[in-house]
Asker: 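Let me give you the structure first, and then I'll get to my questions.
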Amino acid sequence: MSLAVLPLPFLVIVVIIALYLFNSIKILRDYERAVIFRLGRALPVPKGPGVTLVFRPFDQMVRISLRQEVLEVPPQDVITRDNVTIKVNAVVTLYVLDPNLAAIKVANYVYQTSQFAQTTLRSVLGEVELDELLSHRDKLNLKIQTIIDQRTEPFGVKVTSVEVKQVDLPDQMLRAMAKQAEAEREKRSKIIHAEGEFNAAQKLVDAAALLATQPMTLQLRYLQTLAEIGVEKNTTIVFPLPMELLSLLNKVSEAAIKPAERA
């Protein structure tokens, strides 16, 4: 029997059934899963990936993506334990472990995770001081991630990481920190300079002790210094005096001072 001899109502029914079956075909990508609600009840196993049949109006489908999603937490006003007001924002990375729980337990798992992240960020950072926040950020990130992950586990969402993105400090605090850093650098500079002076003085003491054992070495060092000065082209006139003459003059002056003191 050919289609031409079929009754018109039967042809209409066949066309409607074909269109219905065609519209029931849903194609899911490899990272997608379909939670099927059949007569209002969710099927125990999500469908996909590939071709899935959804028979409306008995079935309703909710697509859930299994890819990682990056959620940016808006800036939060936080008062640290040492009473410093700062603005902090963060980035949360998450993905869906159980599509059925993500579709049934919450209306919007991304929005729910965002609210958990905001409250957890304020509560955790409010318990630490500013110095700890700036120097131990990795430890705080892990703590925040653990708390959020425990709260999102009931609706099938896994939080893989939380990173504190930016910490905005008040202008007064920035100026105070700049002064503190400048004072710290100045302190280190003075310490290094004092250590250099100490080392130089120690070397001079060692050199004087060594020269005292051999008086002739002082004369040789004196002549070497004159030779170095004479190499340069300058107008300085140098009159070398023997060291013995200087010693003799010192003895004469001491002998002249003693009788004057007695008188």
Asker: Please tell me if the side chains of Arg41 and Arg38 come closer than 4.5 Å, counting only heavy atoms from C-beta onward.
Answerer: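 When only atoms from C-beta onward are counted, Arg38 and Arg41 do not touch, as no gap falls below 4.5 Å.
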Asker: Kindly determine whether Phe55 and Leu21 satisfy side chain to side chain contact (heavy atoms under 4.5 Å, CB included), including the steps that lead there.
Answerer: CA-CA 8 Å; Phe55 300 105; Leu21 293 176; 4.3 Å; yes
Asker: Could you walk me through whether Thr160 and Lys158 satisfy the side chain to side chain contact (heavy atoms under 4.5 Å, CB included) test, starting with their C-alpha distance in whole Å, then the side-chain angles of each, then the deciding distance to 0.1 Å, before giving a yes or no?
Answerer: CA-CA 6 Å; Thr160 58; Lys158 174 66 176 177; 4.3 Å; yes
Asker: Applying the side chain to side chain contact (heavy atoms under 4.5 Å, CB included) criterion to Arg122, which one of Thr119, Val124, Leu125 satisfies it?
Answerer: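 Single side chain to side chain contact (heavy atoms under 4.5 Å, CB included) partner of Arg122 among Thr119, Val124, Leu125: Thr119.
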Asker: Closest heavy-atom contact between Arg137 and Lys165?
Answerer: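 Nearest heavy atoms, Arg137 then Lys165: NH1-O, 4.3 Å.
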Asker: Are Val157 and Leu66 connected into the same hydrophobic cluster when the rule is that any two of I, L, V, M, F, W, Y join if their side-chain heavy atoms are below 4.5 Å apart?
Answerer: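 Both belong to a single hydrophobic cluster.
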Asker: Please set out all donor-acceptor pairs under 3.5 angstrom arising from side-chain atoms of residues 126-133, sequence neighbours excluded.
Answerer:
none

Asker: Under 3.5 Å, side chain of Asn100 to main-chain N/O of Leu43, donor-acceptor pair present?
Answerer: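 Here the side-chain-to-backbone pair exists.
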Asker: Would you say OH of Tyr31 has more than 12 non-hydrogen atoms from neighbouring residues, nucleotides or ligands within 6.0 angstrom?
Answerer: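 Atom OH in Tyr31 is crowded, with more than 12 foreign heavy atoms closer than 6.0 Å.
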Asker: With the side chain counted from C-beta on, respond yes when Ile36 and Phe58 share a heavy-atom pair under 4.5 Å apart, and no when they do not.
Answerer: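 No - every pair of side-chain heavy atoms lies 4.5 Å or more apart.
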Asker: Within the 4.5 Å heavy-atom criterion, are Tyr109 and Leu94 side-chain neighbours or not?
Answerer: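 Touching, per the 4.5 Å side-chain cut-off.
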Asker: For Glu153, what residues pass the salt bridge (Lys or Arg N to Asp or Glu O under 4.0 Å) criterion, not counting sequence neighbours?
Answerer: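 With neighbours one apart ignored, the set is empty.
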Asker: Heavy-atom distance under 4.5 Å between the side chains of Thr152 and Gln112, does that happen here?
Answerer: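 Sidechains of Gln112 and Thr152: no contact.
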Asker: Given 3.5 Å as the limit, does a donor-acceptor pair link the side chain of Gln76 with the main chain of Pro74, or not?
Answerer: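 Answer holds: yes.
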Asker: Is there a side-chain contact between Ile148 and Val162 (heavy atoms, below 4.5 Å)?
Answerer: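 Counting from C-beta outward, Ile148 and Val162 do come under 4.5 Å.
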Asker: Quick one: does any side-chain atom of Ser24 pair with a main-chain N or O of Val54 as donor and acceptor, under 3.5 Å?
Answerer: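 A pair under 3.5 Å: yes.
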Asker: Could you tell me which non-hydrogen atom of Ala103 sits nearest to which non-hydrogen atom of Ile64, and how far apart they are?
Answerer: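 Shortest heavy-atom separation between Ala103 and Ile64 comes out as CB-CD1, 4.3 Å.
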Asker: Do Val96 and Met61 sit in one hydrophobic cluster, given that two such residues count as connected whenever their side-chain heavy atoms are within less than 4.5 Å of each other, even indirectly?
Answerer: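 Val96 and Met61: separate clusters.
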Asker: Which value, rounded to the nearest 0.5 Å, describes the distance between Asn23 atom CG and Ile25 atom CD1?
Answerer: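 One gets 9.0 Å once the value is rounded to the nearest 0.5 Å.
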Asker: Nearest 0.5 Å, please: how far is CD in Gln118 from OG1 in Thr120?
Answerer: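 Taking OG1 in Thr120 and CD in Gln118, the distance rounds to 10.0 Å.
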Asker: Check Arg33 against Asp30 and note the closest heavy-atom contact, atom names and distance.
Answerer: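 Distance-wise, the nearest heavy atoms are NH1-O, 3.1 Å.
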Asker: Starting from Leu142 and following side-chain heavy-atom contacts under 4.5 Å between hydrophobic residues (I, L, V, M, F, W, Y), which residues can be reached?
Answerer: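 Result for Leu142 is none, singleton.
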Asker: Evaluate whether atom CG of Leu204 has more than 12 neighbouring non-hydrogen atoms of other residues, nucleotides or ligands under 6.0 angstrom away.
Answerer: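 Buried by this count: over 12 neighbours within 6.0 Å.
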Asker: Going only through I, L, V, M, F, W and Y residues with side-chain contacts under 4.5 Å, is there a path from Leu28 to Val35?
Answerer: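 Each belongs to a different hydrophobic cluster.
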Asker: Quick one: does Ser189's side chain have a donor or acceptor within less than 3.5 Å of a partner on Arg185's backbone?
Answerer: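 No; zero donor-acceptor contacts below 3.5 Å.
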Asker: Closest approach of Leu101 and Pro154, non-hydrogen atoms and distance?
Answerer: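 Heavy-atom minimum between the residues: CD1-O, 3.8 Å.
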Asker: So does Arg56 get a backbone contact from the side chain of Tyr20, meaning a donor-acceptor N/O pair under 3.5 Å?
Answerer: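 Yes; judged by distance alone, with no hydrogens or angles, the pair exists.
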Asker: Identify the residue among Asn141, Val73, Val92 that makes a side chain to side chain contact (heavy atoms under 4.5 Å, CB included) with Glu163.
Answerer: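 Of all the options given, the one that passes is Asn141.
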Asker: Using the rule that two of Ile, Leu, Val, Met, Phe, Trp, Tyr join whenever any of their side-chain heavy atoms come within less than 4.5 Å, decide whether Val91 and Val167 are in one cluster.
Answerer: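 As far as the 4.5 Å side-chain criterion goes, Val167 and Val91 are not connected within one cluster.
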